Amino acid sequence: QVQLVESGGGLVQAGGSLRLSCAASGRTFSNYVMGWFRQAPGNEREFVAANSESGVNTRYADSGKGRFTISRDNAKKMVYLQMNALKPEDTAVYYCAAARYPRSYTDKRSYDYWGQGTQVTVSS
């Protein structure tokens, strides 16, 4: 079992930065692929970024490449999403998720555990 709690969302102007954090509970955090997804009103939940159990391998959605960075600290059971050069279209609820042996890093159906989400609003 893994419980996830996100934090760090808020209101920021376009071009600004935010760092999202996700705190995990459970003894086997380092066994899970960790991902970030987001969901805007009226849209499906979409993939943002993910990294492997060790953090060595990462994947990004095209929308965030060059602007977002995912990282993790297995000792602290934390995963982060650094978001720079934010745009109004980045506005969404951002979710942290954990997957054990996922078929796909980018498919939300591969993830077993989800946090409650944190709101990110980017004003123009």
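These numbers were taken from a predicted model, which means no experiment stands behind them.
Rounding to the nearest 0.5 Å places CG of N51 at 11.0 Å from CH2 of W36. Summarising the geometry, atom CD1 belonging to I70 is positioned 8.0 Å from atom OG1 belonging to T58; distances are rounded to the nearest 0.5 Å. Here the straight-line distance linking atom CG of L81 with atom CD of E6 works out to 11.0 Å at 0.5 Å rounding. Distance check: S25 OG to Q1 CD gives 8.5 Å after rounding to the nearest 0.5 Å. Between C22 atom SG and M34 atom CE the span is 4.5 Å, to the nearest 0.5 Å. How far CD of Q3 is from NZ of K77: 11.5 Å, rounded to the nearest 0.5 Å.
Here the shortest heavy-atom pairing between L86 and L18 reads CD1-N, 3.8 Å. Across all non-hydrogen atoms, the minimal contact from L4 to A24 is CD2-CB, 3.6 Å. Heavy atoms only, all atoms of each residue included: T69 and Y60 are closest at CA-OH, 3.3 Å. The nearest pair of heavy atoms linking L11 to S123 is CD1-CB, 4.3 Å. Summarising the geometry of Y80 relative to S21, their closest heavy-atom pair is CD2-OG, 3.4 Å, with the distance given to 0.1 Å. Counting all heavy atoms, side chain and backbone alike, V2 lies closest to Y113 at O-CD2, 3.4 Å.
Side-chain N/O atoms of N57 and R59 include no donor and acceptor closer than 3.5 Å. With hydrogens and angles left out, the side-chain atoms of N84 and S17 include a donor and acceptor closer than 3.5 Å.
Residues that satisfy the ring-ring contact (aromatic ring centres under 6.0 Å, His included) test with F47, not counting sequence neighbours, are F37.
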From CA spacing to verdict: side chain to side chain contact (heavy atoms under 4.5 Å, CB included), E46, K108: CA-CA 7 Å; E46 65 176 13; K108 57 182 179 291; over 6 Å; no

Step-by-step side chain to side chain contact (heavy atoms under 4.5 Å, CB included) determination, W114 to R45: CA-CA 12 Å; W114 294 84; R45 193 168 298 189; 3.3 Å; yes

Derivation and outcome, side chain to side chain contact (heavy atoms under 4.5 Å, CB included), residues V33 and E53: CA-CA 5 Å; V33 167; E53 295 87 338; 3.8 Å; yes

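Transitive grouping of hydrophobic side chains (ILVMFWY, heavy atoms separated by less than 4.5 Å) brings V93 and Y111 into a common cluster.
Around atom CD of Q116, more than 12 heavy atoms belonging to other residues, nucleotides or ligands sit under 6.0 Å away.
R72 contributes a side-chain N or O that, together with a main-chain N or O of S52, makes up a donor-acceptor pair within less than 3.5 Å. Checked by atom type and distance alone, the side chain of S104 pairs as donor or acceptor with a backbone atom of D107 at under 3.5 Å.
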Solution key, residues 94-101 side-chain donor-acceptor pairs under 3.5 Å, sequence neighbours excluded:
unit_1	atom_1	unit_2	atom_2	d
Y94	OH	R38	NH1	2.9
Y94	OH	D90	O	2.6

